[in-house]
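Working notes, structure below.
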Amino acid sequence: MDTSQATRDSDKSVATDESPSVLRRSRVHEGWSFPLGATWDGLGVNFALFSAHATKVELCLFDDTGQHELERIELPEYTDEVWHGYLPDARPGQLYGYRVYGPYLPEEGHRFNHNKLLLDPYAKQIVGEIDWDEALFGYIIGHPDGDLSFDERDSAPFMPRCRVVDPAFTWGRSRGLQLPWDKTIVYETHVRGYTMRHPSVPEALRGTFAGLMVNDVVDYIKSLGVSSVELMPIHAFVDDQHLLEQGLRNYWGYNTLGFFAPHSRYLSGESIHEFKEMVARYHAADLEVILDVVYNHTAEGNELGPTLSLKGIDNASYYRLMPEEPRYYIDDTGTGNTVNLSHQRVLQMVTDSLRYWATEMRVDGFRFDLATILGREPHGFDEGGGFLDSCRQDPILSQVKLIAEPWDCGPGGYQVGGFPPGWAEWNDRYRDTMRAFWRGDEGQLPELATRLMGSADFFNRRGRRPFASVNFVTAHDGYTLHDLVAYNDKHNEENGENNMDGHDDNLSWNHGEEGPSDDPEIQALRLRQIRNFIATTLFSQGTPMLVAGDELLRTQQGNNNAYCQDNEISWLDWNLDGDAHSMIEYVRRVSALRLRYPILRRGRFLSGEYNEEMGLKEVTWLAPDGNEMDVERWEDPEARTLGLLLDGRAQPSGIRRAGADVTLLLIFNAHHEAVAFQLPEAPSGSGWLCRLDTHRAVEEEPFQRAFGEEHEMEGRSLALLELVQQADNPVT
């Protein structure tokens, strides 16, 4: 290096109050504008940061403790709106952050403040947590000019640090599973809540990825018959200041701080390889790992929120701002800001993040929080929008499972059925219909029939398949299954919002007593209703989703919005009683039945029309007298009993040939009284074998019924019967 170059490099090193003299000097080279982030190449680290409106970017290096800033290095090059530089002497483990210079003009959408240490949006690991202080805000809190004022305090003492990582990891034979949709059963869970009270998980590993890969945990999940473990947000996120002040935390994690970094609280050690080890362990057990991801907003809030990353790097590019008043944010998320997926670099960041998790971390799919926002362009939701198109054409993302939560609170935000081919969607119409039907609401049979058959009214278009409908009765947001049948009203007092938060209309029913009950009849009815919900979900066409803990009869004590309850309200209780053990066995039994009978999980929509060429109806709807439903019966608001005959000879694919599946009869009775259901005749059969009746709390031997015989359907119960072939042994 010549003298002039050394002088220039020295000028880029700025001593701070914490380090009165420069502790070391780094030789900075030009580096490359791609890839973005901090990339270790075996010889040094390339740093690249997108900002279209910045005037200067400083890289801040910290010692191993993260407490002392060693030096600041101005990134020397600016290519295609990317600031970049290469440090030959940087190594994995290096802690860093950025200071970005530019105009502080909130009324024009710019909020640059170089006094604020900023996190790299591409950071693969974030160390430490936010220590809430007024210095984290780009403006002076309490100033008469509000966010138009400019705060000169250094935020570094209160900020986490980014860490350079070495991506090298030995995967061995582990590969992504790519399980077919027809064999998919999603199991939604939470890294921390699932293991915090698990007796087989060592205390030091509870609440971490390491805890989630303990053998007993993996073996138990596998035993349930589920295929895909969907983890609630594991991207680095922030505990909201107002929650911490109340002694609460952001438990759910829908408050993202970094799209590439696993949340530090979920690591038992210091290496992100722990997450990779967990994925490998689940793949070895033939279980998929799906991530619940939040790309619609960040933890930086609105104009009064903190400056932590994107806001200080290039606010006008990363966020959707009000067109006429760019000082303010478009808030389609209800969280204060909306990530601007219409910007090509922001779109790149999100798709880069997805590819990183799908390739480097080898996850098998994603569930997108408030996914309508990801498809919203300035003119509104567009199924041909940039993000949705990018996923569809991407050779990696088009091959993993993509599940949308198809709504947000913006204009035109409800888009169930509106996503393009290749996507599955949470189906809240399924949820609401099943809750209303089993509660005994009037006039539910037509809606019930449609939802049972994969919601063709929403999804049977453009070659989409029944699996596009993700069928669920409960999710993390709302009641647990236990609480759905135990509470009429929400009980969210512990959230500190005077029970004003959470949904009021839950279509729940306490069955005669609010909360816990010692009445044996109420207890028995509640358990039967839980069995009804589980069986209905698993026997419906589409992709079933269960929530971890529902099989344990987990309660949140009536709290239907436990987003801030990082405690025993949310954590699974593994101290099980007899009812919980029975319910676990019941889930195993019902999931096995779904996998046993392909007619329950067809890859094409089944029709109730008579097929002259095949000489059959794939689906026949029956009244209690065994006759086919007519218009009058469909329109009877008092009718609460319905039979569903699924003909195993139905065409299984687009090829016109008869199937060879078992014919099934499902009977649903939401009456409070018993109903005698006359069993119909079916071709090539000699009778019916009852495989499941939810009125029975424990598994019994299958029993046979003759054609024309009455099957006594007890009040609020479901039955699954298998056609006995004429040459069959009566019990198999």
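All values derive from a computational prediction rather than experimental measurement.
A salt bridge does not link R596 to D661: none of the charged nitrogens lies less than 4.0 Å from a carboxylate oxygen. Taking 4.0 Å as the cut-off between side-chain N and carboxylate O, E360 and R362 do not count as a salt-bridged pair. Under 4.0 Å is where a charged nitrogen must lie from a carboxylate oxygen, and between R464 and E383 no such pair does. Ion pair K617/E628 flagged as a salt bridge, since at least one NZ, NE, NH1 or NH2 atom sits closer than 4.0 Å to an Asp/Glu carboxylate oxygen. Electrostatic pairing of E230 and K401 does not count as a salt bridge here, judged by no charged N lying under 4.0 Å from a carboxylate O.
Between the side chains of S469 and N427, at least one donor N or O sits under 3.5 Å from an acceptor N or O. A donor and an acceptor atom, one from each side chain of R526 and Q529, are nowhere located under 3.5 Å apart. Using a 3.5 Å distance cut-off with no hydrogens or angles, the side chains of N495 and D501 do pair a donor with an acceptor. If you check the side chains of Y318 and N337, you find no donor sitting under 3.5 Å from an acceptor.
Qualifying side-chain hydrogen bond (donor to acceptor under 3.5 Å, both in side chains) partners for E551, counting only residues two or more places apart in sequence or in other chains: Y187, Y220. A search for side-chain hydrogen bond (donor to acceptor under 3.5 Å, both in side chains) contacts involving D394 returns R355, not counting sequence neighbours. Residues passing the side-chain hydrogen bond (donor to acceptor under 3.5 Å, both in side chains) test with D364, sequence neighbours excluded: H283. With sequence neighbours left out, the ring pair (Phe, Tyr, Trp, His ring centres under 6.0 Å) criterion links F458 to no other residue. Annotation: side chain to side chain contact (heavy atoms under 4.5 Å, CB included) contacts of Q344 (sequence neighbours excluded): none. Partners of Y563 according to the ring pair (Phe, Tyr, Trp, His ring centres under 6.0 Å) rule, which considers only residues two or more places apart in sequence or in another chain, do not exist here. The side chain to side chain contact (heavy atoms under 4.5 Å, CB included) check on E613 picks up N611, R656, with sequence neighbours excluded. Listed by chain and residue number, nothing satisfies the side-chain hydrogen bond (donor to acceptor under 3.5 Å, both in side chains) test with T620 (two or more places apart in sequence, or in another chain).
Side-chain contact between V619 and L644: present, with at least one pair of heavy atoms (C-beta onward) separated by less than 4.5 Å. Proximity of R465 to W181: side-chain heavy atoms (C-beta onward) are nowhere separated by under 4.5 Å. Proximity of D483 to N560: side-chain heavy atoms (C-beta onward) are nowhere separated by under 4.5 Å. For the pair Y329/H297, no side-chain contact is recorded, criterion being any heavy-atom separation below 4.5 Å from C-beta on. Between M545 and Y430 there is no side-chain heavy-atom pair separated by less than 4.5 Å. A 4.5 Å side-chain heavy-atom check between S342 and P378 finds at least one atom pair inside the cut-off. The closest side-chain heavy-atom distance from I221 to V229 is below 4.5 Å. Counting heavy atoms from C-beta outward, Y319 and T338 have side chains that stay 4.5 Å or more apart.
A donor-acceptor contact shorter than 3.5 Å is absent between the side chain of R367 and the backbone of I403. With R602 contributing its side chain and L600 its backbone, the two residues share no donor-acceptor pair below 3.5 Å. Judged by distance alone, the side chain of R604 and the main-chain N or O of Q651 form a donor-acceptor pair under 3.5 Å.
Across all non-hydrogen atoms, the minimal contact from M434 to L448 is SD-CD1, 3.6 Å. Contact record, N510 with A486: CB-O, 3.3 Å, taken as the closest heavy-atom pair. Taking each heavy atom of F677 and A623 in turn, the nearest pair found is CZ-O, 3.3 Å. Shortest non-hydrogen contact noted between T663 and G648 is OG1-N, 2.9 Å. For the residue pair E425 and P406, the shortest heavy atom distance occurs at OE1-CB, 3.6 Å. When all heavy atoms of I185 and S591 are compared, the closest pair comes out as CD1-CB, 4.1 Å.
Residue pairs meeting the salt bridge (Lys or Arg N to Asp or Glu O under 4.0 Å) criterion with at least one partner in residues 407-417, sequence neighbours excluded, are R376-D408. Here salt bridge (Lys or Arg N to Asp or Glu O under 4.0 Å) pairs that include residues 176-190, with residues two or more places apart or in two chains, are D182-R601. For residues 639-661, there are no ring pair (Phe, Tyr, Trp, His ring centres under 6.0 Å) pairs, not counting sequence neighbours. A ring pair (Phe, Tyr, Trp, His ring centres under 6.0 Å) check over residues 330-375, counting only residues at least two apart or in different chains, returns the pairs F50-H343, H235-W357, F260-Y356, F275-W357, F368-F387, F368-W423.
Put simply, CE on M583 and CG on L553 are 5.0 Å apart, with the number rounded to the nearest 0.5 Å. How far OG1 of T433 is from CG of L445: 11.5 Å, rounded to the nearest 0.5 Å.
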| task | Could you give me the CA-CA distance, side-chain angles and deciding distance for E635 and R633, then say whether salt bridge (Lys or Arg N to Asp or Glu O under 4.0 Å) is met? | result | CA-CA 5 Å; E635 294 179 350; R633 289 176 173 178; over 6 Å; no
| said: Run the salt bridge (Lys or Arg N to Asp or Glu O under 4.0 Å) test on D457 and R451 for me, step by step, so that the C-alpha distance in whole Å, both residues' side-chain angles and the decisive distance to 0.1 Å come before the verdict. | reply: CA-CA 9 Å; D457 54 338; R451 302 302 148 228; 2.9 Å; yes
| task | Please test L177 against Y282 for side chain to side chain contact (heavy atoms under 4.5 Å, CB included), starting from the C-alpha separation and ending with a verdict. | result | CA-CA 10 Å; L177 298 182; Y282 276 74; over 6 Å; no
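Of the options I534, L538, L692, a side-chain contact (heavy atoms from CB on, under 4.5 Å) to R589 is made by L692 and by none of the others. Screening L354, T351, L370 for a side-chain contact (heavy atoms from CB on, under 4.5 Å) involving Y295 leaves a single residue, L354.
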